[in-house]
2 protein chains.
Amino acid sequence: MTTLAAMASTRQMTLRTVMRVLLEREAVSRAELARLTGVSKQTMSEVFRELEEGGWVRRSGRTQGAVGRSAATYEVCVDRALVFGADVGGTKVQAALADMHGIILTETVEPTDPRGGQYVVDQLARMSAELAHRASQPLERVLVGTIGIPGAYNARTGKLFMVPNITGLEGTPFVEDLRERVDFDVHVGNDVNMAAKGEQWMGEGRNVDDFVFIALGTGIGMGIINERRVLSGAHGAAGEIATLPIGADPYDGRTFRSGGLETALGSAAIRERYEGSGGRSGLTVREIIDRIGDGDTIAAATVDAIARILAQAVLAVSAVLDPERVVLGGSVGARRELLERMEVHLPLCMPSPPQCTVSKLGSRAGLYGTIANSLDLLRDSLFQTPGLDIPMPRAKPFEVHP
Amino acid sequence: MTTLAAMASTRQMTLRTVMRVLLEREAVSRAELARLTGVSKQTMSEVFRELEEGGWVRRSGRTQGAVGRSAATYEVCVDRALVFGADVGGTKVQAALADMHGIILTETVEPTDPRGGQYVVDQLARMSAELAHRASQPLERVLVGTIGIPGAYNARTGKLFMVPNITGLEGTPFVEDLRERVDFDVHVGNDVNMAAKGEQWMGEGRNVDDFVFIALGTGIGMGIINERRVLSGAHGAAGEIATLPIGADPYDGRTFRSGGLETALGSAAIRERYEGSGGRSGLTVREIIDRIGDGDTIAAATVDAIARILAQAVLAVSAVLDPERVVLGGSVGARRELLERMEVHLPLCMPSPPQCTVSKLGSRAGLYGTIANSLDLLRDSLFQTPGLDIPMPRAKPFEVHP
DNA sequence: CCTATTCGTCCAGTTACCGAACAAATGAGC
DNA sequence: GCTCATTTGTTCGGTAACTGGACGAATAGG
């Protein structure tokens, strides 16, 4: 148990407070920051000296053009700490290095190591080192990294699960394994959750406290942002809407494994529906949707049927979560034709549909989400002024007497 | 913006820390508390003097039977601050007053004022004063109150909405109105959310971080506890699962208003299904379920059909939220016959069903929830040692260059 | 050139903590 | 009954980290 002195001393509190204010500004003087924070000018001078000695801030110039003595201005050294983010897919890995402002310094894409398992862990460690080197930055400055994985992570057991697309990761202590290979703090998140976080930072979820990101591609999944934070669920499986009992009978043995909604909306289902209605054989979903523009009425009817089911899924999600916005993504979900048809069906099945938009980030949403997650963790660990670590006691249930 | 000195001074931080530790213990000496917190014995003596002068702690005795000088022991004055809770229903109001340990000092039930609106506000204010008087406590000690309302509360607009069961409350600034009538801090919550909170404190949700409470009675609603906190949604309407597109076609005009699931599972639906299958006319849902014990096979088949639909609703909720547990309540939901049948259907439509239990708190869950909510708010406001109130800056989206 | 204004340093002061020393008060062991 | 070990609680001198006022230096405006 930490004491006030040993935990974050009052001087630490002041240092972190000053850093937080500085992170939002680009050139500030000590006198101005004293006014902003209420800390005395004397103390602020000391604080800036310590921060400067630590490499966190630097002089950036002087004010001019105002009455009175000109002031020295300071800014954050945004490369004093760096973050790593990687979006691991079944076929490729996107990774990037960013500074404290979230500016991406270097990034790369390469095929996921097909051998899977520990080889993917090794690959990530090597990529982070390469990105630091290409940015001409010491690897020691990378303090936090987040990895997006197409599966679920149970924070309690520390194990990955539901990871069918990458060989040799199911049931592994992935975070622990990677932490042994790198010096920075490693976190993992579901790739659709990371995409939701990417939309929150750079996309359609910006400035929205409660929204969902639905990724429709080969299958379907959802990331949930509730009160600005990712909602993971008891076992890390929140948002696995493939199993929603919509569009197919959940008691049917044929849909039991992949789930009602995925059975109805997955790529296989779209192609079957198209071909079963007389459409051409052998087209991909993208090709089917492209044919709407060519006047293929069967393609239009297929997308309309898909949109009608998707509208019910949005209704179900809204009933449970009450999101302000639904962002659609994924190779199929991002098609505007689908959104347009869905917006026709939504008001027919729910009185007040949420706002629906299409992701503009494409396949970069997940990568952005891992960077954003790392930035949040970095800032919390470096600049938060937390309360003391003694938790608020829960109200104990009392004995109920008849 | 607060300074370190003006916000919570370091002495305030220490006082609150000591109170938090004391709240979990019943008789502690200053020396022991110094050891527990790391604060020096000198400082701890000063802190206890201040807390004693403020009426927050008192001497409770002396230790004995151990080597060394015996120690004075202290305990929290649990009635130094009180909380109020009220569960407002369409027909009755349950209200209670509790101390800092959550022990209920006085409680009462009376019919909801049928005139509704401001009369209900007046009624709540009067009930809180009466309960304090019956507890022989000055009303000034009541610092926080929470009101459970059968409707939704939009925290942004400060207005109630979706409150069909109580006249004259729709669209009112209920919290503001009540705050003008009482001196304590007023909060409002949806009644099913409050019931979920009551289960968290005293019922089946104890020690469970993620669970849902489904209330099935005349209609159906759900309260969500995610990471130990109530999930409200963007407009305060999370958990309104009456509208889930399950059990009825959401595009059917007949179900559009009350929603698919409520159309399928509401009391009216249960009676219609029973009577339409040849059952006796004019029975209530409770009477129908009671007849299962009498061998009424139509009643059993009706409940089985209801359970089968409810299982799909649990599947849908689990797909979105991934709860650890589902607690069933409400006049119909709490019937064990329903849970028994639902547990037969669940494994047939989902591979890993969540744990399902029936509430044992009955109609008191909501009242307990309002008390628990008030206790949380009280403790946070009195004893939290928060970080400084400067928020962590969000990562600004950066300009994306092609 | 004078005046108002601002920045940044200096300085005396206060708050709130700390650890060591010590007296008082216990029970165990002989 | 005495001695010793142990514990509590008070006293005291100390330090960390803040404050506000004073003041000199440095600006722009009139």
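The sequence lines fix the lettering, A, B, ..., with proteins before strands; numbering per chain opens at 1.
The residue among Met44(A) and Gly68(A) whose nearest nucleotide of DNA chain D is located toward the 5' end is Met44(A). Mapping Ala72(A) and Glu50(B) onto DNA chain C via the closest heavy atom, the residue that lands nearer the 5' end is Ala72(A). Taking the nucleotide of DNA chain D with the nearest heavy atom to each of Ser70(A) and Arg30(B), the more 5' of the two is matched to Arg30(B).
Within 3.5 Å, no donor on the side chain of Arg69(A) pairs with an acceptor on the base of dT6(C), nor the reverse.
Look at Glu227(B) and Arg229(A) and you find a salt bridge, because one of the NZ, NE, NH1 or NH2 atoms lies within 4.0 Å of a carboxylate O, short of that distance. The existence of a salt bridge linking Arg11(A) and Glu46(A) is confirmed by a sub-4.0 Å separation between a basic side-chain nitrogen and an acidic carboxylate oxygen.
Looking at heavy-atom distances under 4.0 Å, Gln42(A) makes contact with a base. Nucleic acid contact for Ser40(A): base, since at least one base atom lies under 4.0 Å from a heavy atom of the residue. Among the heavy atoms of the strands lying under 4.0 Å from Thr43(A) is at least one base atom, whether or not backbone atoms are also near.
Closest to the Val67(A) side chain, of the nucleotides dG9(D), dG8(C), dT5(C), is dT5(C). Comparing dC17(C), dT10(D), dA17(D) against the side chain of Thr10(A) picks out dA17(D) as the nearest.
Spacing between atom CZ of Arg35(B) and atom P of dG9(D) amounts to 10 Å, rounded to whole angstrom units.
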